[in-house]
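Contents: one structure, followed by commentary.
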Amino acid sequence: MLEDAKAVKDRIRTAHRRRRAALTPQQLEEAGSALARHGAAWAHTLTAGAPATVCVYFGVGVEPPTLPLINALHNNGHRVLLPVCEPGRELAWVFWDPEAGFERSRFAPILEPAGERHGPDVAGAAAALFIPATAVDVAGNRIGQGGGYYDKFLGHLATAGKNIPLAAVIYDEELLPAGQIPEEDFDRPVPAILAPSGFRALAGA
């Protein structure tokens, strides 16, 4: 019997989380530095070096470390928006400040920034968007954390006619051949990935 789409995604997600859990502190540090370097360079290309608003997220545990990227974007003069989980699988957004703290989310096992929350219209004006993933295939199909928050948020952007340049943040081993990730009706493909080896546009997306 063939696996359904959810079972396939759960299997891939579990395998990648297991591999992530085996990463050493040094590997995590090296990954964070590389993501910051390549992600900041991509943002610079998009904005021609001018200050802009960029949406990122705070990677926790053994997720690809994004705090170095957040700091790099901030140091380059950008305003950084970080997500906050809301009821109904909606995302609100908070402008990040190095002096602001993080707090445990009420709805997901993540840390979120403390501060004034803004709706998707504010994020919709961003120059770039970095989103989490546990795997992406070269056709642009993405496996997230399983909560559906970003699929819903990207749906809002599409409905509003917003076409923000975006990249899913993964480790290099998590870019899979086309066809390995099943596509479901609610899925939103991603046009690019950011990995420690660099930024890569996906021809199939």
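A quick note: this is a predicted structure, and the numbers were derived from the prediction, not measured.
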Let me check something: do [X] and [Y] share a hydrophobic cluster, defined by ILVMFWY side-chain heavy atoms less than 4.5 Å apart, either directly or through other members?
X	Y	answer
Ile143	Val62	no
Leu23	Ile193	no
Trp96	Ile164	yes

Separation between [atom1] of [X] and [atom2] of [Y], rounded to the nearest 0.5 Å:
X	Y	atom1	atom2	answer
Leu166	Phe153	CG	CZ	9.5 Å
Asp137	Arg142	CG	CZ	12.5 Å
Leu175	Gln180	CG	CD	10.0 Å
Leu154	Leu129	CG	CG	6.5 Å

- prompt: Would a line drawn from the ring center of Phe95 to the ring center of His118 be shorter than 6.0 Å?
  reply: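 Aromatic pair counts; centres sit under 6.0 Å.
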
Side chains of [X] and [Y] in contact at under 4.5 Å (non-hydrogen atoms):
X	Y	answer
Pro68	Leu35	no
Trp93	Arg117	no
Pro113	Leu82	yes
Arg104	Glu112	no
Lys162	His156	no
Asp4	Val8	no
Thr47	His78	yes
Val169	Ile131	no

Provide the closest heavy-atom pair for [X] versus [Y] in the form atom of the first, atom of the second, distance.
X	Y	result
Glu63	Pro132	OE2-CB, 4.5 Å
Pro196	Tyr171	CD-CA, 3.9 Å
Ala168	Val136	CB-CG2, 3.9 Å
Pro165	Ala127	CD-O, 3.5 Å
Leu28	Pro65	O-CG, 3.2 Å
Ala114	Ala100	O-CB, 4.1 Å

Side chain to side chain donor-acceptor pair (under 3.5 Å) between Glu173 and His16, worked out: CA-CA 9 Å; Glu173 298 85 353; His16 287 196; over 6 Å; no

field: Option passing side-chain contact (heavy atoms from CB on, under 4.5 Å) with Leu69 (candidates Leu67, Leu73, Asn71)
entry: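 Answer after filtering Leu67, Leu73, Asn71: Leu73.
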
Option passing side-chain contact (heavy atoms from CB on, under 4.5 Å) with Arg200 (candidates Val138, Asp172, Leu194):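 Only one option passes, and that is Val138.
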
task: Flag yes if more than 12 heavy atoms outside Arg13 fall under 6.0 Å of its CZ atom; otherwise flag no.
output: yes

message: Would you say that more than 12 heavy atoms from the other residues, nucleotides or ligands in this model lie under 6.0 Å from the CD of Gln27, or not?
response: yes

task: Any chance you could lay out the side-chain contact (heavy atoms from CB on, under 4.5 Å) test for Leu176 and Ile181, step after step, and finish with the verdict?
output: CA-CA 8 Å; Leu176 307 178; Ile181 298 176; 4.1 Å; yes

message: Using the rule ring-ring contact (aromatic ring centres under 6.0 Å, His included), only one of Tyr150, Phe199, Trp42, Phe58 pairs with Phe130; which is it?
response: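 Option passing the ring-ring contact (aromatic ring centres under 6.0 Å, His included) with Phe130: Trp42.
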
message: Please evaluate residues Arg79 and His74 with respect to the criterion side-chain contact (heavy atoms from CB on, under 4.5 Å), reporting the C-alpha separation (whole Å), side-chain torsions for both, the decisive distance (0.1 Å), and the verdict.
response: CA-CA 6 Å; Arg79 300 186 73 194; His74 176 80; over 6 Å; no

task: Begin with the C-alpha distance, continue with both residues' side-chain angles, and end with the deciding distance and a verdict on side-chain contact (heavy atoms from CB on, under 4.5 Å) for Thr134 and Arg20.
output: CA-CA 10 Å; Thr134 53; Arg20 287 178 173 189; 4.0 Å; yes

task: Show your reasoning for whether side-chain contact (heavy atoms from CB on, under 4.5 Å) applies to Leu81 and Val54.
output: CA-CA 6 Å; Leu81 275 174; Val54 180; over 6 Å; no

